[in-house]
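Written out below as structure tokens is the structure these notes cover.
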Amino acid sequence: MNIPYTVEERPDSGLANGKLGIWLFLASEVMLFGALFSTYIILRTGATEWPHGELSVPLGALNTVLLISSSVTMVMAWAMLKLHNWGRHRLYLLATFALAGIFLVNKYFEYSDHLARGEGPSHSTFLAIYFTLTGLHGLHIVGGMVVMAYLLGPGAKLWKQNPDQFTNRIEYTGLYWHFVDLVWIFLFPVLYLL
Amino acid sequence: MHSDPAGVRASLRKYVMIGAALLVFTVITVAANRLHLAVPFAITVALIIAVTKGSMVAAVFMHLSNEKKWIYGALLLTAIFFAVLMSVPFFTIMDSIGTPQPAIGVGEHPAGH
Amino acid sequence: MMTKLLGMPVQASQHAAEIDQMTVLTHWLMLFLFVGWGAFFIFVLFRFRKGANPRASYTGAKGKLAKSTEVLVAIVEIVLLVGYAIPAWATRVKAFPSENEAVVVRIVGEQFSWNIHYPGPDGKFGRTDISKVTADNPLGLDRTDAAAKDDVTTINQLYLPINRPVLVHLSSKDVIHSFGLIEMRVKQDAIPGMTMPVWFVPTRLGEYEISCSQLCGLGHFRMRGFITVQNDADFRKWFDDQQKELRATP
Amino acid sequence: MEQPTTPPSVVYEHAHHIDAHEELGWWRKYVFSTDHKVIGIQYAITGLLFLLFGFGLMMLMRWQLAYPGKPIPLIGPWLGQSRAPMGIMLPEFYNQLGAMHGTIMVFLGVVPLAVGGFGNFVMPLQIGAPDMAFPKINMMSYWVYYIGGVIMLASFFPTTGAAQSGWTSYTPLSVITATSGQTFWLVGMIFLITSSLLGSINFITTIVQLRAKGLSYMRLPFFVWAQFVTSFLLLLAFPPLEAAGILQLMDKVAGTSFFLPSGLVISGKPLAVAGQGNPLLWQHLFWFLAHPEVYVLILPAMGIVSEIIANNTRKPLWGYKALVYSVVFLGFMSFIVWAHHMFMTGMGTTMSAFFQTTTMIISIPSVVILTALLLSLWGASIRFTTPMLFALAFLPMFGIGGLTGLPLGLAPSDIHLHDTYYVIGHFHYVVAPGTIFALFAGIYHWFPKATGRKMNELLGKLHFWGSLVCINLVFMPMFIQGLAGMNRRMYDGGAQYAHNQGVLHWNVVQGYAAWGLGLFQIFFIINFFMSLKWGKAVDKNPWEATTLEWLAPSPPGHGNFLTEPIVYRAPYEYSVPGAAKDFSPQFEPEKA
Ligand code: HEA
Ligand code: HEA
Ligand code: CUA
Ligand SMILES: [Cu+2]
């Protein structure tokens, strides 16, 4: 049995199911991170002092650059499918995956640096927030990488059978990925700079 | 709009340009931070830049500049409730009859006299 | 009549009557609506059962009854809100008595008792310090502090003079408790890290209870304190006795 | 509204072949099924079992309240030293029962049954869809819920026991209570929330995308509207609690202090944490979810009741549009009333005025809905079937529950009533004789669709009348107790306090009523299982109803409909003047 509008768009809404689904998911993510940002504001305004310069700005900025670049490569990976350029698509998707990987390696260095100094999440309110927010964001990165790995590996077969559906999947993955990038765009100034 | 290859090809340049602009903004944020502005001002600047960057990502990479009404509707609703959620800090601290103070202060007078 | 019907406890504070009046008014509204709709409901069930009305009417009810009840409910709610609830709340949380005319007490909840702290004749609370907390000194009162010398502390026993405003500075050492005085119509959560002002005027002599009204752990049900409302002379006598005792035990 | 749309014909081309060819294995068919009907039934059964379990916990508690400190008969000796030595319940165990009763009833019982069960089973049928938009995600959401449930149940096994800080899990109590139960609770909640999120995405997408040809929004059955609004509540209100749960989990296991202020002294010793947290933040995040959550409990119930009332009055619902607008408005408003649970936390004038006002405003759409349902009865030809009895009882019961919300919503009267049994009475009237009755009504109503057999009417009526009497005897006295000032969550039922002495005897009455309520459920359980086998076999449309689910076979096969459903009219066209029958189904074309 087939579910209608998995690939093609429903005329009255102009959407395929997945498109609406992924946006609804992102809406819930907005509320998830919203609650965490809200927590940040409340603890920050209630705090008697707030540490500065605890985090390495160059590393954070580097990670920002990595994620922004990965967003570009992600959207290119989708555009290449639209242009039926399979080879380029693979290249861009792989690049996105690699950039995400480097981001995580960077994060690993930052984390282990703190932990080595005995500054775990329980050390201060700032570090508690830092670890929780970036940890959750990191999990989102990992999730995105899992999906990309699937689309690079076994999931790629779909291109042969149903190129439109595969293109949609890449688009939805992209939407998610840009959202993860977007969250980081806020996390970076909030945690590293302010 | 993106469905036809010609439209997509035309967008390629835009994606790269926006990517570049985002990188430039990142540099600006870091640079602005170097200036050690007064805290409220620094927060404002950082947030303005972040919002600009975020909108660029949403509008261009996520194609939000050209979406269907259902998506806009869902996001509008989310935006409203997000605003409510961001007012939680305000609700928590602004209008309380209490004063923050540990029950047993360390070397201080707890009750105001 | 409704107050009786509702079976609420005695009113032992100045503002209790006002609060009960709101409760009573709201219950009149509720009763009115419920009886009105209930009568309609029962009538309809009977009148339009299948046996009595084998063929249903497609159009059904007409008329503005629905809209007018809805408007009525809205109006009564607005009256309750603007006329009663909002002003009554404002006097609870804004119109605090001044510290000179009121009996000022610090009350600190802990699992599972109420620590009560009077400032003594000097009107100043002595310093407290976490490191001084012991079983005998749950408040960590630093008796070396000049202001602390005359402070009176009790556990679970609050003495109050009648007809004088009481101003309580409420807080908690560990978890959230709630300072509930059923007969006084007072309830206020005691939140760790915060000090909350609470005020009321006891108007009835006798013994009452402080009932912890927020789940605070396994002993929540027995976190009970006592209030003795006395006339001024008895209260003063108790207070002086405490002072004597304090001077006797260095 | 918008133009009718054509679903691709692929769906029905091979409808007959598919059943013959794709014979799925037992596991794929009944356990890891992606069919919305199977998933719906899985949800419903699991939900019912949890309801029964939650009710069991409650019957233990009612024993303790009726006879504080007396050994529990029969079950007592089996509870173990750490819970009830010599059969006498410990206070910590009472608190565990309370917290878990609340959590289980709300998150593992009613929501899965009302949304996961009825929503999954009925909604796609009512909109003429072959399945949910994302069948695999649907299956996932059930299994994530299942894992969450198992974690919650598992938390009873360690000797330190389950969570014991109430279903509200207020900090710092929940964090500083040094037992593992709360950690289980938090992890379980994270699973349950994730499950609800997956479900709500699926529901919204399905309703927007898979409506049959001709089924415009204003032709949707009210039940679908209720599920639609409910899904938005789940989608947008649950994530903040997920965030809060993660933060509390960090406090529990990583030693952070998001919700712990500085300077805590626990049993005479300063607590060694960084401090600077905010205990009220938890309450805000919790109620930001939990107020919308209570509407998640009631909206599907209202939807079920509306369907059944329309069907058994044999006439259209009165004011369909008003119903739809009210339910949408209700959903919207439910996001800005949360702090009416927190009036006693030291709220100033502005905030309390704001939340009192929004609370009063939100009561208006409920009044509109109730009024519309009541007026629907006017001019009817009422069939008193078992589902109809439950649906009718819902009206006054919800009325009592809703009306008693009003004095709670006014902050000054809430001073006296907050955290007393009045609150317990208020919300049980909405969730137990309200929602639970509506759910029973739904079970009796849709049982024939799911199984092809009707449930027994006599047993159903016994179940109804017994439950109605008993449940009122449990909850009505709570208002008396609450007005007298009796606090909730009291291990001994408040026996120590002077002001409770006049109302303590009700505890005994309520105890008997609760066990009686339990006995009457036996009729239901017997009826349920007996009817599966021996119930009267029925055809597609035993209730002569008008909505699309009655077009599909009973039970519907994979893919639901044999022919493509097309909608020709509004959902409740009963007793149309001039029509041959007293019902004109949505799926029947106008005959010339
Ligand atoms: C399904 C669940 C549900 C529903 C629908 C509601 C509906 C409402 N609730 Fe309730 N509430 C809860 C579940 C629910 N609540 C729970 C679980 C708690 C406690 C949580 C805890 O602390 O553990 C709670 C607690 C609670 C409080 C906090 C009390 C306290 O802790 O001190 C308040 C305060 O404002 C409140 C108010 C309201 C109001 C104003 C409504 C309104 O929406 C009601 C509007 C309805 C009406 C006004 C009825 C209309 C009736 C008629 C027109 C008459 C019809 C009559 C006949 C047919 C005869 N509720
Ligand atoms: C949806 C929510 C819900 C429901 C339905 C119920 C149902 C009931 N509740 Fe519950 N209750 C809560 C939510 C709910 N409760 C919450 C949130 C609290 C607060 C907890 C806290 O303090 O933190 C609470 C607290 C609470 C208390 C207060 C405890 C205290 O403060 O110390 C009491 C006291 O009597 C009580 C009683 C009951 C009773 C007698 C029922 C009865 O109505 C139960 C009736 C149940 C049924 C009728 C189920 C029947 C099911 C079947 C028959 C299944 C059959 C199975 C198959 C066919 C497979 N509840
Ligand atoms: Cu202290 Cu309950
Ligand atoms: Cu509420």
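Each chain gets a letter, A, B and so on, in the order the sequences are listed, and its residues count up from 1. Because the structure is a prediction, the values reported are computed rather than measured.
Looking at D/D492, the atoms closer than 4.5 Å to chain C (heavy atoms on both sides) sit in the backbone and in the side chain alike. Interface remark: D/I176 contributes side-chain atoms only to the contact with chain C (heavy atom separation under 4.5 Å). Both the backbone and the side chain of D/L392 come within contact range of chain C, each with at least one heavy atom under 4.5 Å from a heavy atom of that chain. Both the backbone and the side chain of D/T345 come within contact range of chain C, each with at least one heavy atom under 4.5 Å from a heavy atom of that chain. Of the two parts of D/L260, neither the backbone nor the side chain holds a non-hydrogen atom closer than 4.5 Å to a non-hydrogen atom of chain C. Only the backbone of D/T313 has a heavy atom closer than 4.5 Å to any heavy atom of chain C. Interface remark: D/N487 contributes side-chain atoms only to the contact with chain C (heavy atom separation under 4.5 Å). Both the backbone and the side chain of D/Y497 come within contact range of chain C, judged by heavy atoms closer than 4.5 Å. Contact annotation for D/T357: both backbone and side-chain heavy atoms come within less than 4.5 Å of a heavy atom of chain C. Neither the backbone nor the side chain of D/Q481 comes within less than 4.5 Å of any heavy atom in chain C. Contacts of C/Y208 with chain D are absent, with no heavy-atom separation under 4.5 Å from either backbone or side chain. At a 4.5 Å heavy-atom cutoff, the contact between D/P261 and chain C is made by side-chain atoms alone. Contacts between D/A99 and chain C at a heavy-atom distance below 4.5 Å are absent for every atom of the residue. Only the side chain of D/Y422 comes within contact range of chain C, judged by heavy atoms closer than 4.5 Å.
For the 3.5 Å distance criterion, the side chains of C/S178 and D/D419 fail to qualify, holding no donor opposite an acceptor.
Residues C/M30 and D/P407 are in side-chain contact: their nearest non-hydrogen atoms beyond the backbone lie under 4.5 Å apart. The closest side-chain heavy-atom distance from D/V265 to C/E110 is not below 4.5 Å.
Ring-plane geometry between D/Y491 and C/F221 is classed as perpendicular, the angle between the planes exceeding 60 degrees on a 0 to 90 degree scale with a lower cut at 30.
Using a distance-only test at 3.5 Å, with no hydrogens or angles considered, no donor-acceptor pair links the side chain of D/D582 to the main chain of C/A56.
D/S381 approaches C/N53 most closely through the heavy-atom pair OG-O, 2.8 Å. Taking each heavy atom of C/Y58 and D/S575 in turn, the nearest pair found is CB-O, 3.2 Å. Taking both residues in full, the closest heavy atoms of C/F41 and D/L374 are given as CD1-CD2, 3.3 Å, listed atom of the first, atom of the second, then distance. For the residue pair D/G346 and C/Q188, the shortest heavy atom distance occurs at N-NE2, 3.4 Å. Taking all atoms of both residues into account, the shortest heavy-atom contact from C/V44 to D/I382 is O-CD1, 4.1 Å.
Looking only at heavy-atom pairs under 4.5 Å with chain D, the residue among C/H15, C/H220, C/E209, C/R222 that has the most is C/E209. Comparing D/R314, D/R488, D/H499, D/E92 by how many heavy-atom pairs each has under 4.5 Å with chain C, the most go to D/H499. Counting heavy-atom pairs closer than 4.5 Å to chain D, the top residue among C/V73, C/T26, C/L81, C/L181 is C/L81. For the set C/I86, C/T134, C/L45, C/V186, the count of heavy-atom pairs under 4.5 angstrom toward chain D peaks at C/L45. Chain D forms more heavy-atom pairs under 4.5 Å with one residue of C/Q111, C/Q214, C/R92 than with any other, namely C/Q214.
Sorted by first and then second residue, the ring pair (Phe, Tyr, Trp, His ring centres under 6.0 Å) pairs with a member in residues 171-196 of chain C read C/W114-C/F179; sequence neighbours excluded.
Under the salt bridge (Lys or Arg N to Asp or Glu O under 4.0 Å) criterion, C/K187 pairs with no residue at all, not counting sequence neighbours.
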